[in-house]
Amino acid sequence: MGIRTLNLTKTLGDPPTPILKNISLEIQDGDYVSVTGRSGSGKSTLLYLLSSLDHTLEGKVEIDGQDVNQMSAEALSLFRNKKAGFVFQFHYLVAELTAMENVLLPARKSGGISKRREIATTLFEQFGLKDKIHRLPRHLSGGEQQRVAIARALVMEPRYLFADEPTGSLDSENSEIVLNLLEKANEKQKTTLILVTHDPGFSRRARRQIHLVDGQFITP
Amino acid sequence: MIELAFRYLLARRRQTVLMLLGFFFGSAAFVLLSGIMLGFRYYLVYQLINNDAHVHIQAREEFLTEHSLDASFYGMLTGRVFWNVPPSGKKDSDLVENPQAWYERLEKDPRVVAYTPRLSTAVLFSKGKATATATLIGCDPKSQTQVTTLGDYVTEGKFDALALGGNQIAIGERLRKKLGVTLSQNVLVSVAEQKPVPFKVVAIFSTGNQIFDEQAYGSLEDVQAVNQTPNEIDEIAVRLVDYKSSSAVAKSWSLLSEEKIESWDQKNANIYSVFRIQDAVRFLSIGSIMIVAGFGIYNVLNITVIQKRKDIAILRSMGYTTRDIVLIFFAQGLALGIAGTTLGLLFGYAFSFFLETIRIGAGPLGIGVDHLIVSREFPIYLQSAFLALSSASLASILPAATAGKLTPIEIIRSSSE
């Protein structure tokens, strides 16, 4: 079903400044889309609107055919828990929980921890973190923390993966590792990947590229 | 959610312990202070209940008003009398007018354990040069000991000896000291300007209550003779099966007759007003400790919410609802309240046993028990828990509600800036 937007417009601040202007696009299931643009071009805003974290009354966002503005709080919560995974520039790991506990946080909300623990263990193995399962975030390097954050985003086997500059705070080696992991999820599990990035090199690896200029997009 | 709340608490151990101590001391102080106050109160009430009758049926008492005498002048149907100087004062009879009717009524009433007719009179006791004014109470010695526990407090002689008549008295310890009299000695009893009558001391009692211990008891016939009011009584003292029903029973009897009927608690209403003040002080002082403890939780949780904004954002992005977030923070405050209060109550309970071993010399009323009496009644613990948990809940819900209102996008945007 995928994600579809129609004349999506978003204004922020006082006086209201348009961030996005009449964006209409369609993202198919299993697609790999990169969103690029300068700072302030509205790429993160677009990602948050597409992922239901943000909303606007101007225009429409449909996820799997459902208008986000019409979805109840419970339905949105269920969507974010079961169908969406988020990776941000900062890992946002809960400092008091171990790597495994952080990864299992989404499962803690919806139940079925034992099944998700098996998936998490596999992810830790794939991400080269098998020996760091019980470490607290402060005992992990920046790259490892971001890999744990990706494992957390993937543990529920989501249909959509929203990544907002996931390599923004990493060195080139760790950036490559992180991007490979995201792409692997897209290839193997057919997870729809929407990636916001500054890096033109990373952007070009997507099947589809959206470039935002002053809140409007141009497809290169 | 609850597990996450506990993990947050364990991560900041020092703050957690400090917040917990607030509720620990608050609840422990409440149960100990309340226990001491109520322990003393129950002791006092026990004395009042057992050393005196539960209900007193006394000669009627009527205060005169401007129109009290209207009927005497013109009959009930005519107009009112207007006075230059209106009548005032008390119109009364010093005696219970139809005691026989009361005896029959009390005999049939299943709520009554025992009753005794009495005649009290103010007399002057003297022995040698020592004199003391006190109340001499005439009673039926056998039923008197059924109505009150006075017989249990006899330290010398026998209270039942009064039944033999022949001008014998049982005398309170304080009165005995004033007169310097000992068992088997005689004291002179004078009423108004009549000739003094010698009475032999056959019993000495010591209740620990100054009021009771300055009184003397004689047989009803002897006191009626001294007072020159043969066959007359001014009071019927009644003991009930259930002392708690005293005021209700007194109220129901007062509808049947014009006699003045007072229960033990109505008679000691001034003591009850002191109890109410004690309660107010108790709740205010301990309540303020709980409020301070509550502020501790409020402040720490507010700071925690600010510190954990990123956690809130990521949890919301994972599908955690507003309710879940509120629960995570509310549970922290409530858990501290519950833990602190439980420990405080347990400590208070255990420490109360130690307090009871502390000697305080002469006991609360001069004599009697010589140590602190601490009440461990369940309602005290319930009140303490209620106060503490209310404070903890109120202090937690406000920061928790603030956390619940935060939207993930606001936090992420502000974190990226």
Side-chain angles (χ1 to χ4, degrees), chain A residues 10 12-13 19 39-40 44-45 47-49 51-56 72-98 101-110 113 136-138 149 152-153 155-156 158 162 164-165 168-169 196, chain B residues 1-17 19 300-301 303-333 335-336 400-401 403-417:
Chain A
K10 178 78 179 177
L12 281 177
I19 305 296
S39 286
S44 290
T45 303
L47 185 83
Y48 298 144
L49 285 168
S51 65
S52 83
L53 280 185
D54 200 2
H55 75 282
T56 180
S72 65
E74 286 76 23
L76 281 173
S77 163
L78 203 66
F79 166 73
R80 289 175 195 163
N81 186 253
K82 304 242 181 191
K83 293 186 178 175
F86 291 87
V87 183
F88 300 97
Q89 182 177 352
F90 303 103
H91 55 79
Y92 289 146
L93 296 176
V94 176
E96 290 79 6
L97 303 181
T98 64
E101 288 167 336
N102 264 289
V103 169
L104 290 175
L105 269 176
R108 196 178 287 281
K109 164 66 186 162
S110 55
I113 282 201
L136 290 172
R138 63 173 177 274
R152 182 179 61 191
V155 76
M156 300 298 285
F162 302 97
D164 186 10
E165 302 197 36
S169 59
V196 168
Chain B
M1 258 57 79
I2 303 295
E3 192 188 335
L4 192 55
F6 278 103
R7 297 299 284 270
Y8 280 147
L9 285 176
L10 288 173
R12 22 169 237 276
R13 287 197 178 87
R14 189 179 297 172
Q15 284 174 332
T16 300
V17 168
M19 288 192 288
V300 172
L301 279 187
I303 293 165
T304 308
V305 169
I306 293 166
Q307 287 173 341
K308 296 294 172 191
R309 281 165 60 89
K310 289 178 183 174
D311 290 6
I312 295 168
I314 198 67
L315 290 171
R316 292 300 301 273
S317 78
M318 287 174 203
Y320 282 69
T321 60
T322 300
R323 192 176 155 274
D324 296 328
I325 303 296
V326 169
L327 189 62
I328 287 170
F329 288 92
F330 181 70
Q332 291 179 56
L336 284 175
K405 281 179 194 160
L406 293 172
T407 61
I409 197 67
E410 282 171 13
I411 302 167
I412 291 163
R413 279 209 184 101
S414 62
S415 304
S416 313
E417 281 166 5

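The chains referred to below are lettered A, B, ... by the order of the sequence lines, with proteins before strands, and numbering in each begins at 1. Every heavy atom of this structure was used, including side-chain atoms; hydrogens, water molecules and symmetry mates were not.
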Given A:F86, A:F90, A:Y48, the one that forms side-chain contact (heavy atoms from CB on, under 4.5 Å) with A:D164 | A:Y48
List for me each residue that meets salt bridge (Lys or Arg N to Asp or Glu O under 4.0 Å) alongside A:D54, sequence neighbours excluded, and say none if there are none.
-> A:K10, B:R413
Counting only heavy atoms closer than 4.5 Å, note whether B:L10 contacts chain A via side chain, backbone, both or neither.
-> neither
Per-residue tally against chain B (heavy atom, under 4.5 Å) across A:E74, A:E101, A:E165 peaks at A:E101
Give, as side chain, backbone, both or neither, the part of A:L97 having an atom under 4.5 angstrom from any heavy atom of chain B.
-> both
Heavy-atom proximity to chain B below 4.5 Å, by part of A:L12 = side chain
Between the side chains of B:Q307 and B:R12, is a donor N or O closer than 3.5 angstrom to an acceptor N or O?
-> no
Please collect all salt bridge (charged side-chain N to carboxylate O under 4.0 Å, His left out) contacts where either partner lies in residues 80-97 of chain A, sequence neighbours excluded, each pair once.
-> A:D64-A:K83, A:E96-B:K308
